[in-house]
There are 2 protein chains.
Amino acid sequence: MAKAENSDGEKLVKAFHGAHHAHGRCVGRALSRADALCRQRGARLTTMRRRVLELIWDSHKAVKAYDLLDRLSDGEKPVRPPTVYRALEFLMAHGLVHRVDSLNAFVGCSGADADHNAQFLICQQCGDVSEMDGAAIGKAVARQAQLAGFTVRRQTVELHGECPRCTAS
Amino acid sequence: MAKAENSDGEKLVKAFHGAHHAHGRCVGRALSRADALCRQRGARLTTMRRRVLELIWDSHKAVKAYDLLDRLSDGEKPVRPPTVYRALEFLMAHGLVHRVDSLNAFVGCSGADADHNAQFLICQQCGDVSEMDGAAIGKAVARQAQLAGFTVRRQTVELHGECPRCTAS
DNA sequence: GAAAAAATGTTACTTTATAACAATGCATTT
DNA sequence: AAATGCATTGTTATAAAGTAACATTTTTTC
Ligand SMILES: [Zn+2]
Ligand SMILES: [Zn+2]
Ligand SMILES: [Zn+2]
Ligand SMILES: [Zn+2]
């Protein structure tokens, strides 16, 4: 995976994926990471939880809870909201999924660490969401807040704009 | 109003208000700013819109739309959701109010410019929300995004943590 | 296998927000 | 002032997002 380096010399994973990238790999990586992480923690990645995670990773767009619901339901056996929300709760608790507040929607975590404050780049054109684990932003933000005497515990950083692909075309 | 200065030498309005500050001034300032801005733009700050703005400025906490609804309604004449949401829409369009996505709630704008990307400091203890117009964050964020080839058009930056007052006590 | 714990199913409901159309208010022209 | 046009508010209904409480099933532990 390509890397860029910012002015602080910090490594930054390239955020956006090409249109025709081998997405199976993204999914595969996410699922095996989930498997490993859950095994290691003694948490149970049940069928339902795994299905939800797979559905979320179906694309790089943020997914609405009720869309998941629809996709999980077949005419005979409708799945109910609590089922999906519980799966999401589990996946979020384990850092496998993030909620994007400004969209009321969910994306798979592509970050490295289990617990992290991520920032999101959200393309207004194509809808793709990309996670940045730029510690630099986190620090800049925390430093600025500190000037106001504020201690940051959790941050929501969601940037809406244009991704490189959509800018190009 | 007290000022702090960050490492870039940039001015930063002191974010949090004391517990017993003269809040009438905050309200007064907000309302006259609204008056002036609307007059200047030929926009109509109607009674309903003004009432909503006043209610929002009742405190420095973020207010839920349905709380506004309750406070606007008296037993006889209930106010309906669209009324409140329309007032909020107007106030947001003119930069007099911001929506705090991570809270599904609204706060009065205490910023200077009409159109700006603000950051919010949200105290998890007392609920007070403070607006920072730290251009430094905006720039840091945009710069980092640029490394990923992303163009930022709108940013949601909401920091949850402890305000100075609550930290002190 | 029985008991306990965890996960899922089910019902009902709360909270947040919007669509569509009717009525009213306000401003300008005649 | 009456007529016209547009902006605002009222009203009804419904969509969208999320949760509480309890029943049932599955999995683990003893
Ligand atoms: Zn992919
Ligand atoms: Zn992540
Ligand atoms: Zn005040
Ligand atoms: Zn503002």
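Every chain is numbered from 1 and lettered A, B, ... according to where its sequence line falls, protein lines coming before strand lines.
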**Student:** Just by modelled atom types, is the A/His17 backbone N or O under 3.5 Å from a matching donor or acceptor in the A/Arg165 side chain?
**Tutor:**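 Yes: the side chain of A/Arg165 pairs with the backbone of A/His17.
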
**Student:** State whether the distance check finds a donor on one side and an acceptor on the other, under 3.5 Å, for side chain B/Tyr66 versus base C/dA17.
**Tutor:** yes

**Student:** Return whichever of B/Pro81 or B/Arg44 has its heavy-atom-nearest nucleotide of DNA chain C closer to the 5' end.
**Tutor:** B/Pro81

**Student:** Would you kindly give the CG-to-C1' distance between B/Leu68 and D/dT9, to the nearest whole Å?
**Tutor:** 17 Å

**Student:** So, A/Ser130 versus A/His60: side-chain donor-acceptor pair below 3.5 Å or not?
**Tutor:** no

**Student:** Separation of B/Leu88 atom CG from D/dT8 atom P, in whole Å?
**Tutor:** 15 Å

**Student:** Can you check whether A/Phe120 and A/His98 have ring centres sitting under 6.0 Å from each other?
**Tutor:**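 They qualify: ring centres under 6.0 Å apart.
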
**Student:** Tell me: CG of A/Leu69 to P of C/dG9, nearest whole Å?
**Tutor:**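 Atom CG in A/Leu69 sits about 11 Å away from atom P in C/dG9.
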
**Student:** Do B/Arg86 and D/dG10 share a donor-acceptor pair, side chain to base, under 3.5 Å?
**Tutor:** yes

**Student:** What nucleotide among D/dG18, D/dA17, C/dT16 has an atom nearest to a side-chain atom of A/Lys64?
**Tutor:**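 Closest nucleotide to the A/Lys64 side chain: D/dA17.
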
**Student:** For the side chain of A/Arg49, starting at C-beta, report the closest nucleotide among C/dA17, C/dA7, D/dT19.
**Tutor:** C/dA7

**Student:** Does the pair A/Arg99/A/Asp101 count as a salt bridge with the N-to-O cut at 4.0 Å?
**Tutor:** yes

**Student:** Report yes if a side-chain nitrogen or oxygen of A/Tyr85 is closer than 4.0 Å to either non-bridging phosphate oxygen (OP1 or OP2) of D/dT19; otherwise report no.
**Tutor:** no

**Student:** Closest approach to the side chain of A/Thr83, judged atom by atom: which nucleotide of C/dA17, D/dT11, C/dG9 is it?
**Tutor:**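 Nearest to the side chain of A/Thr83 among the choices is C/dG9.
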
**Student:** Please state how far atom CG in A/Asp70 lies from atom C1' in D/dA16, giving the value in whole angstrom units.
**Tutor:** 11 Å

**Student:** Just N and O in the side chain of A/Thr46: are any of them under 4.0 Å from OP1 or OP2 of C/dA6?
**Tutor:** no

**Student:** Take atom CD of B/Glu89 and atom P of C/dT18, then tell me their distance rounded to the nearest Å.
**Tutor:** 8 Å

**Student:** Round to the nearest Å and state the distance from A/Arg41 atom CZ to C/dA6 atom C1'.
**Tutor:** 18 Å

**Student:** Name the residue from A/Val63, A/Leu121, A/Val107 that meets the side-chain contact (heavy atoms from CB on, under 4.5 Å) definition with A/Val129.
**Tutor:** A/Val107

**Student:** Given that A/Pro78 and A/Phe90 both sit by DNA chain C, which one's nearest nucleotide is further toward the 5' end?
**Tutor:**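 In this pair, the answer is A/Phe90.
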
**Student:** Separation of B/Asp74 atom CG from D/dG10 atom P, in whole Å?
**Tutor:** 12 Å

**Student:** Specify the separation, in whole Å, of atom CG of A/Leu72 and atom C1' of C/dG9.
**Tutor:**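 So the CG-C1' distance, A/Leu72 to C/dG9, works out to 14 Å.
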
**Student:** Looking only at side-chain atoms of A/Arg80, point me to the closest of C/dG9, C/dA17, C/dT10.
**Tutor:**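 Per side-chain heavy atoms of A/Arg80, the pick is C/dT10.
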
